[in-house]
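See structure below.
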Amino acid sequence: MPLHMTKIAFQSESPATLKAWLESHAGEARLTTRYLPKRVEEMAGGSLYWIHGHRIVGRSPILGFAETGQGRHWIRLAPTLIPVHPMPKRAHQGWRYLAAEDAPLDLGEGEEDATAAMPAAMLGELAKLGLV
């Protein structure tokens with residue numbers, strides 16, 4: 001099973017603006033990171049899960065990693081946002097690993113996120129109770 005990572009959708013007003021930003025890149029979207037993940041080999045076939053409003057809202061498949069030539073690295077992503085069943089997730093700096101068994105499932109074709117209108121705090125409380 002591949003290893004995934006999570007990252008805050010910094011400067012995205014909504015999942016829709018994140019999706020538009022990703023889709024504006026031809027071929028691949030790139031994020032810059034200071035350090036190459038130590039577990040990079042385990043990430044083949046993995047995804048970057050995006051956090052917006054204190055919950056995971058979607059994922060972008062990881063195409064690979066590359067050096068920028070300036071002492072940093074690119075996270076190369078497919079320019080798409082695949083919606084997932086939202087899952088509460090606290091904010092953090094940079095990226096964090098996410099094991100495959102802990103990753104939320106993709107939303108099915110035509111399936112809508114019933115929790116999209118819920119405040120993040122309420123969603124977090126309902127998740128603690130096992131209700132979402």
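- Taking all atoms of both residues into account, the shortest heavy-atom contact from Pro86 to Arg55 is CB-CD, 4.0 Å.
- When hydrophobic clusters are built by joining Ile, Leu, Val, Met, Phe, Trp and Tyr residues whose side-chain heavy atoms come closer than 4.5 Å, directly or via intermediates, Phe10 is not grouped with Leu48.
- Within the model, atoms CE of Met5 and CE of Met43 stand 4.0 Å from one another, a figure rounded to the nearest 0.5 Å.
- Between atom CZ of residue Arg96 and atom CZ of residue Arg90 there is a gap of 11.0 Å, rounded to the nearest 0.5 Å.
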Under 3.5 Å, which donor-acceptor pairs link side chains of residues 62-75 to any protein atom two or more places apart or in another chain?
residue: Thr68; atom: OG1; partner: Gln70; partner atom: N; Å: 3.1
residue: Thr68; atom: OG1; partner: Arg72; partner atom: O; Å: 3.2

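- Remark: side-chain polar atoms of Ser14 are paired, donor with acceptor, to backbone N or O of Thr17 under 3.5 angstrom.
- Residues forming a ring pair (Phe, Tyr, Trp, His ring centres under 6.0 Å) with Tyr97 (at least two apart in sequence, or on another chain): Trp95.
- Residue Ala44 comes nearest to Pro2 through the heavy atom pair O-CB, 3.5 Å, listed as atom of the first residue, atom of the second, then distance.
- Under the 4.5 Å side-chain heavy-atom criterion for Ile, Leu, Val, Met, Phe, Trp and Tyr, Ile51 and Leu98 are members of the same hydrophobic cluster.
- Legend: side-chain hydrogen bond (donor to acceptor under 3.5 Å, both in side chains) pairs involving residues 37-52, not counting sequence neighbours, sorted by first then second residue: Arg39-Glu42, Ser47-Arg59, Trp50-Ser60.
- Of all non-hydrogen atoms in His54 and Ala91, the two that sit nearest each other are ND1-N, 4.0 Å.
- Closest non-hydrogen pair, Ala103 versus His4, comes out as CB-CD2, 4.0 Å.
- One hydrophobic cluster, built from ILVMFWY side chains closer than 4.5 Å, cannot hold both Val57 and Ile8; they sit in different ones.
- Here OG1 of Thr80 is found 5.5 Å from CD1 of Ile82. Values are rounded to the nearest 0.5 Å.
- In the displayed structure, Lys19 atom NZ is contacted under 6.0 Å by at most 12 heavy atoms of other residues, nucleotides or ligands.
- Leu81 and Pro15 make their closest contact through CD2-O, 3.7 Å (heavy atoms, listed as atom of the first residue, atom of the second, distance).
- Distance check, rounded to the nearest 0.5 Å: CG of Leu77 to CG of Leu31 gives 5.0 Å.
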